[in-house]
There are 2 protein chains.
Amino acid sequence: MPRRYHCAVEVAVDVIGGRWRPVILAHLKEGVHRYGELRRRMPDVSEKMLVQRLRELEAEGLVARHDLGTPKAPHVEYHLTAEGHSLVPVLAALHAWGLARAARTGTPIEP
Amino acid sequence: MPRRYHCAVEVAVDVIGGRWRPVILAHLKEGVHRYGELRRRMPDVSEKMLVQRLRELEAEGLVARHDLGTPKAPHVEYHLTAEGHSLVPVLAALHAWGLARAARTGTPIEP
DNA sequence: TCAAGTACGCACTTTCCGGTGAGTAGGGGG
DNA sequence: CCCCCTACTCACCGGAAAGTGCGTACTTGA
């Protein structure tokens, strides 16, 4: 974690950079997700990484975790906080650019 | 580099993710930069990384390198290509969010 | 009895991102 | 003679990011 920042983009990258954080946020941008739903939508992420990144996003105040389950029936839901929602312009722009880029380069995207 | 993508944000992150690519692109969004100017604006990046990331951005068609120098007087300029300019909405959104985030968290940004 | 679901934990391993320090060839200046 | 500038290269290294494989407790269903 850099101690000093020299531009605003460095600040943003520090919080939402990396391979999986933007993807997690993009899925949650569409609505509440259970843990298993996130796993299914992100088949290439390890569980270790998914949980670690979710914890970090919670710690940064971007994601909230609701445990609605019981020991007999586990049920956890994740959703964006107000701070997380403030990222919608970034996530929307990333998504739009990624779609256009995939179209220009013929890159397949498998849901 | 993942072989398969499951959403558009993964595509975007693969091309412009990492600690320094977004920052390089953000500086070039403001206009042409010489190598030394980029170095001065990004004091925490190593030269090895700066050059490596610039090379990758060139390879992806986002950045163009113009060598205007001579052996006696080296002079290289970097600028965004049309494809690079297509990233302006992403970079602007990252910048705006980073500024707001820094303000909300009291994070100093030193130019 | 086994497999699958839920939402994780844990120890270990691998990859690669990023840094360091020294170097290059030409120049200028104190 | 030494320091600075330009725009890099190179070998080596550390650690964070990410993955792997097995595990947990409770349930349901074949």
Side-chain angles (χ1 to χ4, degrees), chain A residues 1-7 9-10 13-25 27-28 32-60 63-79, chain B residues 1-7 9-10 13-25 27-28 32-60 63-79:
Chain A
M1 177 88 56
R3 190 182 298 273
R4 305 182 309 167
Y5 300 104
H6 300 274
C7 72
V9 170
E10 285 185 41
V13 167
D14 229 25
V15 179
I16 66 171
R19 186 175 173 191
W20 298 119
R21 275 184 282 238
V23 179
I24 292 170
L25 291 164
H27 288 313
L28 295 183
V32 174
H33 278 63
R34 291 183 68 169
Y35 175 81
E37 288 177 88
L38 283 173
R39 284 214 63 209
R40 286 188 285 278
R41 298 190 77 178
M42 300 168 65
D44 293 339
V45 70
S46 66
E47 293 205 67
K48 170 208 147 64
M49 263 299 107
L50 179 55
V51 176
Q52 185 178 325
R53 293 291 174 248
L54 280 167
R55 291 280 178 272
E56 288 163 2
L57 291 169
E58 278 182 76
E60 295 285 355
V63 163
R65 175 181 184 273
H66 287 165
D67 192 338
L68 309 168
T70 65
K72 286 187 172 187
H75 186 125
V76 174
E77 293 185 352
Y78 291 94
H79 63 85
Chain B
M1 176 89 57
R3 189 180 300 272
R4 304 182 309 166
Y5 300 104
H6 302 274
C7 72
V9 170
E10 284 185 41
V13 166
D14 229 24
V15 180
I16 66 170
R19 185 177 172 190
W20 298 119
R21 276 185 281 239
V23 179
I24 292 170
L25 292 164
H27 288 312
L28 295 182
V32 174
H33 277 64
R34 292 184 66 172
Y35 174 82
E37 289 177 86
L38 283 173
R39 284 212 64 209
R40 285 187 288 277
R41 299 191 75 180
M42 302 168 63
D44 293 339
V45 70
S46 67
E47 296 205 64
K48 168 210 148 63
M49 263 299 109
L50 179 55
V51 175
Q52 185 180 323
R53 294 291 178 245
L54 279 168
R55 290 283 180 271
E56 288 163 1
L57 291 169
E58 280 183 76
E60 295 285 356
V63 163
R65 175 180 184 272
H66 287 166
D67 193 338
L68 309 167
T70 65
K72 285 188 172 187
H75 185 124
V76 172
E77 294 185 349
Y78 291 95
H79 63 83

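This is a predicted model, so every value here is computed, not measured.
Across the protein-nucleic acid pair, A:D14 atom CG and C:dG18 atom C1' stand 14 Å apart, rounded to whole Å. Distance, B:Y35 OH to C:dG26 P: 20 Å, rounded to whole Å. In this structure, B:R39 atom CZ and D:dA7 atom C1' are separated by 10 Å, rounded to whole Å. Rounded to an integer number of Å, the gap from CE of B:M42 to C1' of C:dC17 is 14 Å. Rounded to whole angstrom, the span from the CD atom of B:E37 across to the C1' atom of D:dC8 amounts to 16 Å. The CG atom of B:D67 sits 9 Å away from the P atom of D:dA7 (whole-angstrom rounding). Remark: P of C:dG18 and CG of B:L54 are 13 Å apart, rounded to the nearest angstrom. Summarising the geometry, the separation between CD on B:E77 and C1' on D:dC8 is reported as 16 Å, rounded to the nearest angstrom.
For the atom pair CZ of A:R21 and CZ of A:R53, the computed distance is 4.5 Å after rounding to the nearest 0.5 Å. Distance check: A:H6 NE2 to B:D44 CG gives 3.5 Å after rounding to the nearest 0.5 Å. Atom-to-atom distance recorded for A:I16:CD1 and A:E60:CD is 11.0 Å, nearest 0.5 angstrom.
Residues forming a side-chain hydrogen bond (donor to acceptor under 3.5 Å, both in side chains) with B:R40 (at least two apart in sequence, or on another chain): none. Remark: A:R34 engages no residue in a salt bridge (charged side-chain N to carboxylate O under 4.0 Å, His left out) (not counting sequence neighbours). Listed by chain and number, the residues in a side chain to side chain contact (heavy atoms under 4.5 Å, CB included) with B:V13 are A:P22, B:V9 (sequence neighbours excluded). Remark: A:E37 engages no residue in a salt bridge (charged side-chain N to carboxylate O under 4.0 Å, His left out) (not counting sequence neighbours).
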Protein-to-nucleotide contact annotation, 5' to 3' order, nucleotides 17-26 of chain D [B base; S sugar-phosphate only; - none; under 4.0 Å, heavy atom]: SBBB-----S
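In the set C:dA7, D:dC8, D:dT6, the nucleotide with an atom closest to the side chain of B:R34 is D:dT6.
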Candidate pair A:W20 and A:E56, rule side-chain contact (heavy atoms from CB on, under 4.5 Å), full reasoning: CA-CA 11 Å; A:W20 298 119; A:E56 288 163 2; over 6 Å; no
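Of the possible polar contacts, none joining the B:R55 side chain to the B:V51 backbone as a donor-acceptor pair under 3.5 Å is found.
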Intra- and interstrand pairs of DNA chain C - dot-bracket, Watson-Crick/G-U under 3.5 Å, | marks other strand: ||||||||||||||||||||||||||||||
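Considering only side-chain N and O atoms, A:R65 lies under 4.0 angstrom from the phosphate OP1 or OP2 of C:dC8. Between C:dC8 and A:Y78, a contact under 4.0 Å exists linking OP1 or OP2 to a side-chain N or O.
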